[in-house]
Amino acid sequence: MTDTEPRGPLSGVLVADFSRVLAGPYATMLLADMGADVVKVEGPGGDDTRTWTPPARGEVSTYYLGVNRGKRSIALDLRDEGDAEAARELARRADVLVENFRPGGLDKYGLGYDAVLAANPGIVYASISGFGSGAGARVPGYDLMVQAMSGLMSLTGDPDGPPYRAGISVFDVMAGNHAVIGVLAALRHREATGRGQHVEVNLMSSALTGLVNQSSAYVAGGVVPYRMGNAHPSVFPYEPLPTADQDLIVAAANDGQFRKLCEVLGIPEVADDPRFARNASRTANREELRPILVERLALRPADEWFDLLLEAGVPSGPINTIDGGFAAAERFGLDPVVEVGEGERAVPTTRHPIRFSETPAGYALPPPELNEHGAELRKWLAEEQPS
């Protein structure tokens, strides 16, 4: 069906992508990277993120480019019965359907789970919502709302300042990853039983599990965590500390690392001080320990300390802008940027995060133009399939 035969671990898996914006498209992009044939179904106006600028590459939103590689696009107006029938045929042929409409939003087009299941008993149907399909179904699912309502914003920012959102739509990305996990598990179940199933993911649940130790502090300990800026509630030092020129992240998260830190700083006796010898005591006495560390760190610039601490095995790192982050990944041999597509359509993109020794991720198809593959897909969907 495609010009370039997929070779990843999901080669042969057809994904009908009825999702928009971020969580769903991010999930389906990861599936495409792994070899799935992803058909991106868009309304006549296209995915909203096509117009989310600035920034842009040429006239195309970099937001859209960042989560839509590896897909083919077909524009279908589901209010038109002919287009709706084409969409239903795509769902009938698909191995996986991913959607992030408001719960029940596809039912009126014959594309809800029950209708698709009746026509395609093996379908793995993944729904992504903001707050689930129960009492929260009527609540719109925007990441900023979930950051606020889950409690994340109450933990982010200066202790004496207002709560802040994270710099990315962190729970959209997390829910997208959870959707991929659910799809892969359901495909494994289908392989064993022949039966598909409904996989439901919601941003709020992804948020609460993603708050990990902060969630556990409340659920298991009855403690409501509070905003601590860049400090860690349970570990010290584990935060930015000032050096001669700029802050440096120092993350000596266990007693051995702390001892090495003190040796590099030229204060080995501090590691034997009863106030600081164990993590619990360092955390309890952080206000006494911090100025001791800061005094020594002020003797050198951050880059020099980074190299010295790295050599000693003490976790640390500079606070980079995004360009510095990519430069660091290059330094570490991670090859973070790859080109997707060829010739004039080639687009630089961030490498798939998983490395496979036998079935590497592929980057054949650039993010599609709206309805770029509409003609070929409509022709294919109109063809009679062998029984």
Are [X] and [Y] grouped together when hydrophobic residues (ILVMFWY) are joined by side-chain heavy atoms under 4.5 angstrom apart?
X: I249; Y: L265; result: no
X: V173; Y: W52; result: yes
X: Y64; Y: V38; result: no
X: L334; Y: L310; result: yes

May I ask you to establish whether [X] and [Y] are in a cation-pi arrangement, using a distance under 6.0 Å from NZ or CZ to the six-membered ring centre and at most 45° from the ring axis?
X: R282; Y: F258; value: yes
X: R296; Y: W305; value: no
X: R259; Y: F276; value: no

Inspect the surroundings of [atom1] in [X] and state if more than 12 heavy atoms from other residues, nucleotides or ligands are less than 6.0 Å away.
X: Y218; atom1: OH; answer: no
X: E59; atom1: CD; answer: no
X: R79; atom1: CZ; answer: no
X: Y226; atom1: OH; answer: no
X: Y63; atom1: OH; answer: yes
X: E295; atom1: CD; answer: no
X: R138; atom1: CZ; answer: no
X: E383; atom1: CD; answer: yes

Is the closest basic N to carboxylate O distance between [X] and [Y] below 4.0 Å?
X: E263; Y: K260; value: no
X: R290; Y: E287; value: yes
X: R275; Y: E288; value: yes
X: E369; Y: R50; value: no
X: R190; Y: D95; value: yes
X: R355; Y: D33; value: no
X: D143; Y: R165; value: no

To check you understand the geometry: which heavy-atom pair defines the closest contact between [X] and [Y], and what is its length?
X: S73; Y: E42; result: OG-OE2, 2.8 Å
X: L261; Y: P237; result: CD2-CG, 3.9 Å
X: G46; Y: L370; result: CA-CD1, 3.7 Å
X: A271; Y: C262; result: N-SG, 3.9 Å
X: P233; Y: T283; result: O-CG2, 3.7 Å

Parallel, tilted or perpendicular, as decided by the 30° and 60° cut-offs, for the rings of Y113 and H198: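 The arrangement is parallel - the two ring planes meet at less than 30°.
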
Between [Y] and [X], is there a side-chain heavy-atom distance shorter than 4.5 Å?
X: I74; Y: E376; result: no
X: Y125; Y: L117; result: no
X: R195; Y: H189; result: yes
X: F131; Y: S205; result: no
X: D17; Y: L97; result: no
X: V39; Y: L14; result: yes
X: E99; Y: S19; result: no
X: L293; Y: V250; result: no

Evaluation steps, side chain to side chain donor-acceptor pair (under 3.5 Å), between T349 and R69: CA-CA 8 Å; T349 186; R69 67 179 176 237; 2.6 Å; yes

Audit row: D114, D107, side chain to side chain contact (heavy atoms under 4.5 Å, CB included) steps and yes/no: CA-CA 9 Å; D114 290 339; D107 290 353; over 6 Å; no

Inter-residue atom distance [X].[atom1] - [Y].[atom2], 0.5 Å rounding:
X: N371; Y: R72; atom1: CG; atom2: CZ; value: 12.5 Å
X: F101; Y: S127; atom1: CZ; atom2: OG; value: 11.0 Å
X: N279; Y: F236; atom1: CG; atom2: CZ; value: 10.5 Å
X: L308; Y: F306; atom1: CG; atom2: CZ; value: 11.0 Å
X: M145; Y: S150; atom1: CE; atom2: OG; value: 11.5 Å
X: I168; Y: Q147; atom1: CD1; atom2: CD; value: 8.5 Å

Verdict with supporting geometry, D83 and R88, salt bridge (charged side-chain N to carboxylate O under 4.0 Å, His left out): CA-CA 9 Å; D83 279 7; R88 288 190 289 268; over 6 Å; no

Criterion side chain to side chain contact (heavy atoms under 4.5 Å, CB included) on R20 and N100, from CA distance to verdict: CA-CA 7 Å; R20 305 94 78 202; N100 61 354; 3.4 Å; yes

Polar side chain donor-acceptor pair, [X] to [Y], under 3.5 angstrom:
X: E200; Y: S133; answer: yes
X: N213; Y: S215; answer: no
X: H178; Y: S206; answer: yes
X: K71; Y: T28; answer: yes

L90/L377 under side chain to side chain contact (heavy atoms under 4.5 Å, CB included): CA gap, chis, key distance, verdict: CA-CA 9 Å; L90 175 62; L377 286 166; 5.9 Å; no

Derivation of the side chain to side chain contact (heavy atoms under 4.5 Å, CB included) call for I267 and I292: CA-CA 9 Å; I267 48 174; I292 297 173; 3.9 Å; yes

Trace of the salt bridge (charged side-chain N to carboxylate O under 4.0 Å, His left out) decision for R345 with E372: CA-CA 13 Å; R345 291 292 303 279; E372 179 178 344; 3.0 Å; yes

